[in-house]
Amino acid sequence: MAKVLTSRSESYAQWYNDLVIKAGLAENSAVRGCMVIKPYGYAIWEKMQRALDDMFKETGHQNAYFPLFIPKSYFSKEADHVEGFAKECAVVTHYRLKNSPDGKGVVVDPDAKLEEELIVRPTSETIIWSTYKNWIQSYRDLPIKINQWANVVRWEMRTRLFLRTAEFLWQEGHTAHATRQEAVEESETMLRVYAEFAEKWMAMPVIQGYKTASERFAGALETLTIEALMQDGKALQSGTSHFLGQNFAKVFDVKFASKEGKEEYVWATSWGVSTRLMGALVMAHSDDHGLVLPPKLAPIQVVIVPIYKKEEELAQIVEVADKIAAGLKQLGVSVKVDADDNHKPGWKFAQYELQGVPVRLAIGPRDLKNQTVELARRDTLTKDLMPTEGIENYIKALLDEIQASIYQRALAFREENTRKADSYEEFKQILDDQGGFVLAHWDGTDETELKIKEETKATIRCIPIGSPDEPGKCMISGKPSQRRVVFARAY
RNA sequence: CGGGGUGUAGCACAGCCCGGUUAGUGUGCCUGCUUUGGGAGCAGGAAGUCGCAGGUUCGAAUCCUGCCACCCCGACCA
């Protein structure tokens with residue numbers, strides 16, 4: 001069995017492979033570590049995109065698109081100034097193929113060598129800031145608040161489906177501001193947008209906080225993160241927002257004339273979430289029956305499965321099903337009536353559970369007679385016989401309840417698995433026995449952080465925002481600490 | 001890039017150690033009949049360059065060499 005997402009958790013492995021093949025969420029492609037997202041899985045991503053995009057627009061952003069290929073020279077500029085930013089990149093060196101001289105297949109035409117290599121974007125800072133340079137002259141041109149939906153390629157040493165694929169889909173926001181304060185606020189606003197999306201749409205509670213210096217994005221003055229806890233007790237960084245200061249402006253020479261007539265460098269932010277969120281969604285909620293989707297992100301919210309013996313029965317049932325479906329659509333609920341005769345009801349039940357459809361209705365001859373439907377909830381796996389009358393409004397309300405219920409369950413899980421440790425011994429004990437988030441005191445030094453990482457594999461996920469002051473002592477050095485930070489083993 | 005593992009039908013695997021007819025099993029697929037309130041039953045059928053390239057041998061899925069791909073554990077990261 002493919003143990004792809006959580007190698008330490010058998011439960012996912014049991015159904016994951018089925019899901020990949022039958023539900024079409026994704027599968028490894030022949031292209032190294034890239035992923036194939038089949039239509040059903042992509043529909044989930046589209047719902048995520050739409051919700052996020054609306055939130056970006058509400059916060060004053062616009063979408064734009066920049067090139068996939070970036071001349072190598074753009075990178076050398078950046079690499080001089082941004083240590084460690086050099087990614088594993090795919091490089092285009094030629095622009096033509098020709099028939100192989102030996103008559104077998106094709107070869108790269110050596111005469112078609114590019115003068116300057118092109119890099120397939122691993123991220124778009126370089127090309128976007130090179131462009132912003134031409135767009136910005138005056139404070140009147142600011143702020144620029146642009147988002148790009150795109151694919152990027154990072155030739156990672158090791159890939160993990162959804163969590164770290166060679167090619168992935170994401171959005172990257174890149175903003176330019178006249179003042180430091182405005183940029184800081186922007187980075188904080190976008191972190192809040194991500195947190196709200198994770199909690200309200202994905203039903204996944206997150207901890208918002210600051211990354212430590214060692215975990216910061218290369219070139220950022222501050223990196224903000226949302227951290228979620230997966231069901232196997234490991235943390236997943238689910239989104240980041242960076243305050244970049246004037247670093248990129250200086251590298252790419254982006255200056256503007258201020259109101260006072262002075263020449264100043266602009267202040268920048270960048271922020272992004274990726275198809276990693278699909279992995280987060282799977283790992284946060286799913287059970288051994290398959291996906292559990294929060295209704296707000298489910299491509300199909302309600303499925304109606306007819307149960308019948310004869311054609312006439314089917315016709316009668318479909319008539320009732322269509323009526324319910326029409327009523328649900330009026331209420332803005334997405335619904336599918338599966339009258340496909342190729343599969344039996346039991347097969348369909350299992351299939352829609354695998355796909356995480358939140359509500360399933362079954363209608364058979366018995367129900368026709370009694371004017372009832374059998375309603376099954378995916379999140380609780382419970383079934384109830386309900387009167388057909390008024391079922392549409394009941395379902396509409398139930399979907400909200402399921403959304404809230406899935407969130408509450410994930411929140412309860414996180415709270416149960418968030419523990420305080422006051423000594424290093426206790427800290428290690430918790431990590432080994434239970435996992436989850438561990439709140440502990442840290443003296444703020446890189447050395448202590450590194451020591452803990454090397455000895456326990458746990459990293460500081462973040463210094464949480466808005467946590468109460470609680471003076472204490474670093475569990476390693478005994479030096480004073482103002483508040484606890486969040487540790488965990490992570491993906 | 002270091003360590004480990006796996007490549008055999010659409011998918012999941014057995015066979016390999018110890019070479020020997022026509023390469024199997026489950027599932028999926030096709031046809032027919034019976035079925036349909038939790039992944040249907042029976043009968044018949046189609047489907048394989050045994051990852052690739054060499055080598056050893058009368059004979060290779062099986063032994064040897066090289067290469068490739070994928071998975072897992074590290075280093076790296078959204």
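Every heavy atom of this structure was used, including side-chain atoms; hydrogens, water molecules and symmetry mates were not. Reminder, nothing fancy here: chain letters follow the sequence lines and each chain counts from 1.
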Checklist entry - Do F437(A) and F487(A) have ring centroids that are under 6.0 Å from one another? => result no
Checklist entry - How far, in whole Å, is C50(B) from A60(B) if one measures between their P atoms? => result 12 Å
Item to check | L236(A) CG to C77(B) P, straight-line distance once rounded to whole Å | outcome: 16 Å
Checklist outcome for this item: Taken to the nearest whole Å, CG/L368(A) to P/G37(B) is 15 Å
Next on the checklist: Would you say K344(A) places a side-chain N or O within less than 4.0 Å of OP1 or OP2 belonging to A40(B)?
Outcome noted: yes
Next on the checklist: I want to check something: taking the side chain as every heavy atom from C-beta on, are I324(A) and I304(A) in contact at a cut-off of under 4.5 Å?
Outcome noted: yes
Checklist entry - Q355(A) CD to G39(B) P: how many Å, rounded? => result 18 Å
Next on the checklist: Between A53(B) and A69(B), how far apart are the two P atoms, rounded to whole Å?
Outcome noted: 16 Å
Checklist entry - So, is K310(A) close to the U36(B) phosphate, meaning a side-chain N or O under 4.0 Å from OP1 or OP2? => result no
Checklist entry - Measuring from I395(A):CD1 to L375(A):CG, what's the distance to the nearest 0.5 Å? => result 5.5 Å
Checklist outcome for this item: Of E353(A) and R276(A), the one whose nearest nucleotide on RNA chain B sits closer to the 5' end is E353(A)
Checklist outcome for this item: From the candidates A78(B), G38(B), G37(B), the one with an atom nearest any side-chain atom of A350(A) is G38(B)
Checklist entry - Can you check the I307(A) CD1 to G38(B) P distance for me, whole Å? => result 7 Å
Checklist entry - Which part of the nucleic acid, if any, lies within reach of G364(A) when heavy atoms closer than 4.0 Å are counted: base, sugar-phosphate only, or nothing? => result base
Checklist entry - In whole Å, what separates the C1' atom of A75(B) from that of U62(B)? => result 37 Å
Checklist entry - For atom P, what is the distance between G54(B) and G48(B), given to the nearest Å? => result 22 Å
Checklist entry - Of A376(A) and W170(A), whose nearest nucleotide on RNA chain B comes first from the 5' end? => result A376(A)
Checklist entry - Taking the C1' atom of each, how far is C76(B) from G51(B), in whole Å? => result 29 Å
Item to check | Pair D232(A) + K234(A), salt bridge at N-O below 4.0 Å | outcome: no
Next on the checklist: Does this structure show an ion pair linking K57(A) with D53(A), if we count only N-O contacts that are shorter than 4.0 Å?
Outcome noted: yes
Next on the checklist: Please report the distance separating the P of C18(B) from the corresponding atom of C64(B), rounded so that it comes out in whole Å.
Outcome noted: 9 Å
Next on the checklist: Regarding D433(A) and K428(A), does a basic nitrogen lie under 4.0 Å from an acidic carboxylate oxygen?
Outcome noted: no
Item to check | Nearest-angstrom distance from the residue atom CZ of F162(A) to C1' of C77(B) | outcome: 18 Å
Checklist entry - According to the Watson-Crick and G-U wobble definitions, with both distances under 3.5 Å, which nucleotide is paired to U36(B)? => result none
Checklist outcome for this item: Per atom distances to the K457(A) side chain, the nearest of G38(B), G74(B), G37(B) is G74(B)
Next on the checklist: So E311(A), base contact, sugar-phosphate only, or nothing? Heavy-atom distance under 4.0 Å.
Outcome noted: nothing
Checklist entry - Partner of G7(B) by Watson-Crick or G-U wobble geometry, both contacts under 3.5 Å, or none? => result C68(B)
Checklist entry - Nearest to the side chain of F349(A) - U36(B), G38(B), G37(B)? => result G38(B)
Checklist entry - Rounded to the Å, how far apart are R160(A) CZ and C70(B) C1'? => result 15 Å
Item to check | Aro-ring/base stack F168(A)-A78(B), d under 5.5 Å, angle under 30° | outcome: yes
Checklist entry - Watson-Crick or G-U wobble partner for G74(B), using a 3.5 Å limit on both distances? => result C1(B)
Checklist entry - Using 30° and 60° as the class limits, which term best fits the ring planes of F56(A) and Y194(A): parallel, tilted or perpendicular? => result perpendicular
Checklist outcome for this item: Test side chain to side chain donor-acceptor pair (under 3.5 Å), reference T223(A), set R216(A), H242(A), K211(A), output is H242(A)
Checklist entry - Out of A78(B), G38(B), G37(B), which nucleotide sits closest to the side chain of R360(A)? => result G38(B)
Checklist entry - Can a donor-acceptor pair under 3.5 Å be found between the side-chain atoms of R154(A) and the base atoms of C77(B)? => result no
Checklist outcome for this item: Which of A78(B), U36(B), G37(B) is nearest the side chain of Q237(A)? It is A78(B)
Next on the checklist: Closest approach to the side chain of Q351(A), judged atom by atom: which nucleotide of G39(B), U36(B), G37(B) is it?
Outcome noted: G39(B)
Checklist entry - In the structure shown, which nucleotide is the Watson-Crick or G-U wobble counterpart of A46(B), with both distances under 3.5 Å? => result none
Next on the checklist: Given the structure, check if the side chain of E374(A) and the base of G38(B) hold any donor-acceptor pair shorter than 3.5 Å.
Outcome noted: no
Checklist entry - Can you tell me how far P in G28(B) sits from the matching atom in C67(B), rounded to whole Å? => result 41 Å
Next on the checklist: Distance check, P atoms only: C42(B) and A23(B), in whole angstrom units.
Outcome noted: 27 Å
Next on the checklist: Suppose we define a pair by two distances each less than 3.5 Å, Watson-Crick or G-U wobble; what does G20(B) pair with here?
Outcome noted: C58(B)
Checklist entry - What is the distance from CD1 of I317(A) to C1' of U36(B), rounded to the nearest Å? => result 10 Å
Checklist entry - To the nearest Å, how far apart are K453(A) NZ and C76(B) P? => result 5 Å
